[in-house]
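Before any comments, here is the structure.
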Amino acid sequence: TPTPTPTPSVTPTPGACVSSQNFDTGVTAPALPAGWTSTATGALGPWVTGTPADTAPNAAVNGSVATVSNSTIDTPSIPIAAGGGSFSFRIDFNTENGFDGAVLEISINGGAFADIVTAGGSFVTGGYTGTISTAFSSPIAGRMAWEGPGGGYITSTVNLPPAANGQNIVLRWRNATDSSVLVAGGGVRVDTITGIPCAGGGGATPTPTPSPSPTPSPASFSITFTQPTYTEDESQTAVIGVTRSGDLSGTNTVNFMTSN
């Protein structure tokens with residue numbers, strides 16, 4: 001009887017191929033797309049889907065307050081192709097010039113989030129517009145950011161860091177405010193993310209383990225012989241009866257030897 005082979009365990013692939021997001025398809029405002037998350041501290045609320053959008057009806061949006069606050073929106077984990085590459089998105093910002101703003105950050109293989117530029121990436125177009133003041137306790141004080149009145153959606157194209165090549169990443173947009181001026185109708189909007197160089201699908205498929213070939217059990221049978229009878233003449237003939245019982249499949253060979 002063959003020994004049973006355990007079913008192979010499945011190691012999940014961390015992340016699925018999410019190369020684009022427009023916050024429209026399959027999304028009902030104010031909910032975020034499946035797998036996207038938002039965390040907020042201070043008076044800023046979490047990111048939601050809403051307007052104004054680059055592509056109707058929705059964008060990911062976050063507002064403006066006059067207190068020290070911070071709100072982030074994270075993509076699901078995304079496996080990046082071995083060759084890496086760049087991606088683009090549309091961003092609209094209207095913040096207190098020099099004091100409030102937004103940045104793009106990245107986590108590689110579950111590591112700490114770092115600014116996309118600090119991590120080794122670079123902007124091709126639509127990069128940061130200024131430096132955030134250190135005077136009023138902004139969570140991103142001293143960092144370059146999209147800040148000030150942006151004037152509507154612009155296209156930002158980003159080269160991913162080489163360290164992200166062939167790895168799993170999470171992208172994070174961060175909106176941060178300080179303890180001073182409230183910009184009426186202000187905030188940050190992100191939409192129309194395209195071209196993320198992801199490395200394929202998400203769900204893991206187990207490698208099939210071949211089933212063992214059963215080892216046949218030996219056939220069960222028996223052979224019996226009768227006592228020989230002899231013919232006492234020149235032929236010297238002996239007669240022996242042979243009976244096989246049990247498994248009658250196949251054949252058996254019985255050899256006899258004689259001696260004088």
Side-chain angles (χ1 to χ4, degrees), residues 6-27 32-39 46-47 49 54-55 59-60 62 70-91 101-128 139-140 143-146 154-176 188-210:
T7 302
S9 59
V10 178
T11 302
T13 300
C17 184
V18 181
S19 62
S20 63
Q21 181 59 254
N22 60 13
F23 303 100
D24 301 324
T25 305
V27 177
L32 296 176
W36 288 67
T37 58
S38 180
T39 302
W47 290 69
T49 52
D54 178 56
T55 57
N62 198 241
N70 182 77
S71 187
T72 61
I73 182 171
D74 295 357
T75 68
S77 179
I78 305 170
I80 297 300
S86 62
F87 75 101
S88 297
F89 60 94
R90 299 275 285 167
I91 185 167
V103 294
L104 174 62
E105 298 177 337
I106 187 172
S107 168
I108 301 173
N109 277 342
F113 281 92
D115 190 274
I116 192 72
V117 175
T118 303
S122 60
F123 289 102
V124 179
T125 59
Y128 297 146
I140 56 172
R143 292 174 59 175
M144 292 287 291
W146 290 286
I154 64 170
T155 298
S156 180
T157 299
V158 187
N159 292 318
L160 290 172
N165 294 1
Q167 309 301 316
N168 292 286
I169 70 166
V170 175
L171 295 169
R172 167 178 286 179
W173 285 264
R174 177 192 296 268
N175 179 29
V188 181
R189 279 73 66 170
V190 172
D191 203 357
T192 320
I193 302 167
T194 59
I196 297 175
C198 60
T205 301
T207 301
T209 300

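Summarising the geometry, atom CD1 belonging to I106 is positioned 10.5 Å from atom CG belonging to D115; distances are rounded to the nearest 0.5 Å.
Residues T155 and F89 form no side-chain contact, since every pair of their non-hydrogen atoms from C-beta on lies 4.5 Å or further apart. A heavy-atom distance below 4.5 Å is found between the side chains of V170 and S77.
Inspection of the T72 and R174 side chains reveals no N or O donor paired with an N or O acceptor under 3.5 Å. Judged purely by distance below 3.5 Å, without hydrogens or angles, the side chains of D24 and T55 pair a donor atom with an acceptor atom. A side-chain donor from one of S122 and N159 sits under 3.5 Å from a side-chain acceptor of the other.
With hydrogens and angles ignored, the 3.5 Å screen pairs a side-chain donor or acceptor of W146 with a backbone N or O of G126. Here the side chain of W47 pairs a donor or acceptor atom with the backbone of S71 at under 3.5 angstrom. With hydrogens and angles disregarded, no donor-acceptor distance shorter than 3.5 Å links the side chain of S38 to the backbone of I73. Not one N or O on the side chain of T49 forms a donor-acceptor pair closer than 3.5 Å with the backbone of F23.
Between D74 and R172 a salt bridge is recorded (basic side-chain N to carboxylate O distance below 4.0 Å).
Aromatic ring centroids of F113 and W173 lie 6.0 Å or more apart.
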